[in-house]
Amino acid sequence: MNPARLIRRQWHSLSGVGLMLGALFFAAALTPTLVPRSYLTQGALAGGCFAIGYLAGNLWRRLWHYLELPGPSARLRSRANALVAAGCLIVVIIYLWRAAEWQNSIRAAMKMAPVETAHPFKVCAVALITFVVLLALARLFVLVSRFLATRTRRFIPRKVANVIGVAIAVLLFWSIASNVLIRTAFNALDSSFRELDVLLEPERPQPADPDRTGGAASLVKWKELGRMGRRFIASGPRAAEISAITGEAAQQPVRVYVGLGGADTAQARARLALDELKRQHGFDRAILVIITPTGTGWIDPAAMDTVEYLHHGNVASVAMQYSYLNSPLSLLFQPEYGAEAARALFSEIYGYWTTLPKERRPKLYLHGLSLGAMNSEKSAELFETVGDPIAGALWSGAPFESRIWRSITANRNDGSPEWLPEFRDGRFVRFMNQNGPTVPPDTPWGPMRVVYLQYASDAITFFAYRDAYQAPAWMTDPRGPDVSSELRWYPVVTMLQLALDMAVATNTPMGFGHVYAPEHYVDAWVAVTDVHDWSAEALARLKSHLATTARRAAAGSAGEDPYADRGG
């Protein structure tokens, strides 16, 4: 067949209603949400939204014909399609023209330099490729379902055969996608992450101090810590560094970490972590933090360095790896591992902690970032701690599926925004962002202190599936300080935009998105651990020191970036 004739045939086979809805979805996808986009991500998103709009329009047209409803004449339909196409083209051009302005509204909120262009031609090229690929897959699905329906019509009625053909095609495509494509991709990623996890990096040699985790006298072997475990143990401030900032005597912080190679089961690794913590006299410190890492086993240095400085090194922390996959893969393929490991570690540490004299044991806290926060929430059951409660918890960037976070946010005080709620009188739980808490610092606490540190621009926290059909509460005024005033809600499209924002939430500057800044952890730890021996001036100097150190590392000017593999 002549290629030109084939192209014309394919063009005339397209749905006019679908093209109209696709164009409107495409335009809506160019509007801002929470995180700035590159032309690649913007093009892929716009192309996917165009495909979804086109599919919706095409299904509507087919349903109209299937119900045998009257339609306009061919002449009227042709004129209407021309007018609609012209209107949609104008809308798309206007939205492409404003795309850079909208992206700059996000960048301004995050104190980023503006962009001069949103690369509209590149965006359209990527979107076209995305749409063509998705359209080809959709048409392949139609061909398969028709083939299957044709084969079964000789035995059953036509309409029943059509339904069966579609059902079998869905099962076939889903089976191929999940058992072949997804499983193959997962196995490849699993192998890659596993090899990366066991990689011994020459810049992190085994600790010279035999008493540290991974040292010669340690119960945990250095090579069995995993890559993120070795990073956690090798990093952090030393006693001399803490003294240089505080001007007072300091202790060397105790850090305990058990990797997947430490033992075969979560329970065995938890017991090993307890034994190692006891060997290093971690229960003699004033503060003890049970950390639940992210999926890769990564622990945010911004969080732990901060609390060690604030308490002059009189801190012990313990963590246990449950996966080497990044958090999205860990949540998708190993959802039970994180909760099981967090539960096992808490049970071991808390069980021993309760046997110690109350006047001599450390204050016990929980901490987790992202997936670590969600699993840390699951580690402690209220009924088992109500008689002997822990001191509190600091959870940062809690994912939208976090059970306790979701319940507290849903039951927040009237008038408080979803992006920074107030809960009752603030005695049990408080929320903080870049600007600190919503309640005055002198508000009295109860016996347990829980703080959620979250940014309004963090889609991992504020994504919801219902965003497809209703505007989220955090979009209403007043909005968070790091959210664009140009953001608008669109059915279906906004949910897809936020889903993309989740995927790139760690690509923002520090202090926005899903990248939590050490200076904000300072305020959170001060509240959670009841710090009183620091003046406002001293806290300001500490924040400046931690922020400068972290941003130099992130920019690569101070060696390897400890935040590069946050894995959250």
Side-chain angles (χ1 to χ4, degrees), residues 196-215 218 220-246 250-259 273 276-277 280 282 285 287 289-294 296-321 324 367-370 372 394 396 506 510 515-519 521-522 525 542 545-568:
L196 183 63
D197 186 60
V198 300
L199 179 66
L200 288 171
E201 298 158 310
E203 65 272 19
R204 292 196 183 88
Q206 183 177 11
D209 183 352
D211 291 328
R212 291 178 62 195
T213 298
S218 174
V220 184
K221 296 180 180 179
W222 181 247
K223 65 180 181 179
E224 294 176 349
L225 281 175
R227 181 166 173 258
M228 294 304 174
R230 289 187 289 272
R231 172 172 292 190
F232 175 63
I233 297 301
S235 64
R238 303 294 182 260
E241 296 174 90
I242 297 173
S243 293
I245 297 298
T246 64
Q251 297 177 261
Q252 179 66 39
V254 172
R255 290 188 171 191
V256 172
Y257 192 101
V258 176
E276 177 67 11
L277 188 63
Q280 294 194 49
R285 298 303 177 96
I287 301 292
V289 184
I290 301 176
I291 309 167
T292 304
T294 64
T296 59
W298 184 75
I299 295 171
D300 190 353
M304 295 316 301
D305 293 359
T306 301
V307 71
E308 290 168 350
Y309 272 106
L310 285 171
H311 290 276
H312 310 284
N314 195 9
V315 176
S317 56
V318 56
M320 188 173 81
Q321 185 181 17
Y324 44 74
H367 171 64
L369 163 69
S370 190
L394 171 55
S396 48
T506 58
M510 189 169 291
V515 186
Y516 288 83
E519 60 266 36
Y521 272 116
V522 169
W525 279 120
L542 176 63
H545 168 74
L546 292 170
T548 300
T549 302
R551 284 168 173 78
R552 281 178 179 172
S557 59
E560 182 186 6
D561 175 9
Y563 301 87
D565 272 325
R566 54 183 61 91

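If you're wondering where the values come from, they're calculated on a predicted model, not measured in any experiment.
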* Decide yes or no for Asp211 and Gln280: does some side-chain heavy atom of the first lie under 4.5 Å from some side-chain heavy atom of the second? =>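 Not touching, per the 4.5 Å side-chain cut-off.
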If you round to the nearest 0.5 Å, how far is [atom2] of [Y] from [atom1] of [X]?
| X | Y | atom1 | atom2 | value |
| --- | --- | --- | --- | --- |
| Ile233 | Ser317 | CD1 | OG | 7.5 Å |
| Gln251 | Ile242 | CD | CD1 | 9.0 Å |
| Asp305 | Leu546 | CG | CG | 7.0 Å |
| Thr292 | Met320 | OG1 | CE | 8.5 Å |

Between [X] and [Y] (side chain of the first, backbone of the second, donor and acceptor by atom type, cut-off under 3.5 Å), is there such a pair?
| X | Y | answer |
| --- | --- | --- |
| His367 | Ile291 | no |
| Tyr257 | Gly297 | yes |
| Arg285 | Gly313 | yes |
| Arg551 | Met510 | yes |
| Arg238 | Gly236 | yes |
| Glu276 | Ala273 | no |
| Trp525 | Ala303 | yes |
| Ser218 | Val220 | yes |
| Arg255 | Thr213 | no |

* To do: Only one of Val289, Val258, Ile290 passes side chain to side chain contact (heavy atoms under 4.5 Å, CB included) with Val318; say which it is.
  => Ile290
* To do: Test side chain to side chain contact (heavy atoms under 4.5 Å, CB included) on His545 and Thr549 and set out the steps.
  => CA-CA 6 Å; His545 168 74; Thr549 302; 3.7 Å; yes
